[in-house]
Number of protein chains: 2
Amino acid sequence: MRHLCMPEGLCARDVTKLEHIISVTRKIRRGDALFRTGDTFDSLYAVRSGSLKTVVTNDGSRDGGRERMTGLLLAGDALGLDGIGDGRHTCDAVALEDSSVCVVPYALFERMCRETDSLQRRMHRMMSQAINREAEHVVRLGMLRADERVARLLLDMSARLARRGYATAEFTMRMTRDDIGSYLGMTLETVSRTLSRFDKLGLIEAQGKSIRIRDFDGLRGI
Amino acid sequence: MRHLCMPEGLCARDVTKLEHIISVTRKIRRGDALFRTGDTFDSLYAVRSGSLKTVVTNDGSRDGGRERMTGLLLAGDALGLDGIGDGRHTCDAVALEDSSVCVVPYALFERMCRETDSLQRRMHRMMSQAINREAEHVVRLGMLRADERVARLLLDMSARLARRGYATAEFTMRMTRDDIGSYLGMTLETVSRTLSRFDKLGLIEAQGKSIRIRDFDGLRGI
DNA sequence: CGTCTACTTGAGGACTGTCAACTTTCGTGG
DNA sequence: CCACGAAAGTTGACAGTCCTCAAGTAGACG
């Protein structure tokens with residue numbers, strides 16, 4: 001469990017201290033929310049098992065509150081950084097499958113950051129990397145076509161799972177087509193059509209949520 | 001100058017300490033870069049005067065290295081957080097006009113964060129807010145049409161300038177149409193056409209880079 | 001004052017969204 | 001364990017938005 005949560009680059013003693021803080025874990029059942037927009041922020045979380053999505057419910061006039069998925073969190077990912085800014089969460093975090101998270105009370109964590117250099121450094125790096133991931137996502141949305149976006153999502157999922165020790169070519173998409181669409185800025189129909197086309201082209205085998213990548217270079221070349 | 005840079009929520013003594021660290025300022029001429037992708041990261045910056053954009057040069061196969069604007073920084077905004085993650089900057093920061101920035105050596109700043117509660121808290125909040133801003137931008141790109149994106153950008157500019165004490169209805173866009181397009185994920189032609197249409201509709205007066213908003217509610221309703 | 005860059009505007013076409021019908025999968029309760 | 005209803009996914013036809021290509025105008029800078 002240790003290696004799943006936040007550590008990395010902490011000495012043994014620091015890890016022990018950290019462990020003391022994050023002694024609480026919490027289970028979330030598929031479809032349930034870990035937190036919702038507007039909830040007061042008091043803890044950070046690290047995904048222990050399962051996966052979650054973050055969504056914002058756009059208060060736009062025209063859409064009448066359509067949901068928009070903004071993030072996909074896998075085991076080991078940190079979650080809840082959005083709440084630090086104003087003390088309230090700015091999005092919902094919903095479990096895509098039955099999942100569990102480590103709970104990290106922020107007040108304690110903040111204090112410990114001050115005492116432990118390496119933890120502070122790690123915290124800053126984590127947040128910086130979160131910023132970069134978002135920026136990367138913006139680039140995807142803004143200058144790629146629908147099929148390029150889907151291809152990159154598949155490759156990205158594969159890489160992230162590989163880093164966690166899972167098979168790279170075969171995995172289950174926990175998101176619905178609707179989620180994928182809202183994550184990539186397109187409609188669920190376009191997602192479905194694109195996956196079907198990739199399948200016909202021999203790039204992947206897709207049936208429902210289970211994906212098998214057959215031609216990595218082909219996908220990269222889309 | 002004090003109120004332009006990072007403070008806010010710091011007591012007088014802390015501000016003095018901070019001031020000591022950020023004694024250096026740097027001028028950047030229009031078109032020049034404050035830092036570039038891959039540069040080793042050693043300082044954060046705060047915009048003192050002028051404005052800058054951040055751009056990533058996409059290494060995509062198809063585009064052959066087209067630029068993509070990812071951020072617009074005005075006086076008072078912090079800059080450089082992207083570099084903390086891996087010790088190297090992940091984007092270019094280019095001045096949109098002759099500008100100056102406060103230089104904040106990160107090693108010193110990091111140490112001071114550890115000593116000063118309020119500064120650490122402020123740092124975390126800043127990064128969290130940066131994450132939220134990006135997320136907001138993602139939502140814009142993903143679920144709004146071209147004219148909605150342009151309308152929101154104009155309103156956003158107006159609000160940000162207002163917060164800095166400038167007129168809300170009249171301002172100069174330092175970005176080119178190309179910049180705006182790449183920021184909003186569309187072509188410069190679409191930007192131009194959209195502004196022209198807004199002008200004809202009486203929502204704004206646009207000639208070249210100078211913008212005057214005539215009907216705020218109209219823009220919001222787009 | 002000339003040249004280069006930025007901007008505007010038009011025509012045509014590609015991509016993706018919308019609407020709709022249908023099939024498959026999933027979850028719940030008998 | 002099976003059956004049923006609901007949710008998720010697929011596929012087609014058509015329409016609209018936005019991009020591409022192109023030509024010409026206005027503005028900036030030396």
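Atom set for the values below is all heavy atoms of this structure, side chains included, hydrogens, waters and symmetry mates excluded. So you know, we letter chains A, B, ... as the sequences are listed, proteins then strands, and number each from 1.
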Letter by letter from the 5' end, nucleotides 14-28 of chain D scores (B base, S sugar-phosphate only, - none; protein heavy atoms under 4.0 Å) ----SSBB-------
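- Side chain of A/Arg152 to backbone of A/Arg140: no donor-acceptor contact under 3.5 angstrom is found.
- Under a 4.0 Å N-O distance rule, the pair B/Arg133/B/Asp156 does not qualify as a salt bridge.
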Could you walk me through whether A/Met69 and B/Val138 pass side-chain contact (heavy atoms from CB on, under 4.5 Å), step by step?
CA-CA 10 Å; A/Met69 173 168 162; B/Val138 168; over 6 Å; no
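- Side-chain N/O atoms of B/Ser196 include one lying less than 4.0 angstrom from OP1 or OP2 on C/dT9.
- A/Phe198 has its CZ atom 17 Å from the P atom of D/dG9, to the nearest Å.
- Here B/Lys209 reaches the OP1 or OP2 of C/dC7: one of its side-chain N or O atoms lies under 4.0 Å away.
- Between the CG atom of B/Asp199 and the P atom of C/dT9 there is a distance of 9 Å, given to the nearest Å.
- Salt bridge status for A/Arg145 with A/Asp147: present, with a side-chain N to carboxylate O gap under 4.0 Å.
- A salt bridge links B/Arg36 with B/Asp92: the distance from a Lys NZ or Arg NE/NH1/NH2 to an Asp or Glu carboxylate oxygen falls below 4.0 Å.
- Taking the six-membered ring for Trp and thresholds of 30 and 60 degrees, B/Phe41 and B/His89 have ring planes more than 60 degrees apart, a perpendicular arrangement.
- Using a 4.0 Å heavy-atom cutoff across all strands shown, A/Leu195 reaches no nucleic acid atom at all.
- Look at CZ on A/Arg177: it is 12 Å from P on D/dA8, rounded to the nearest Å.
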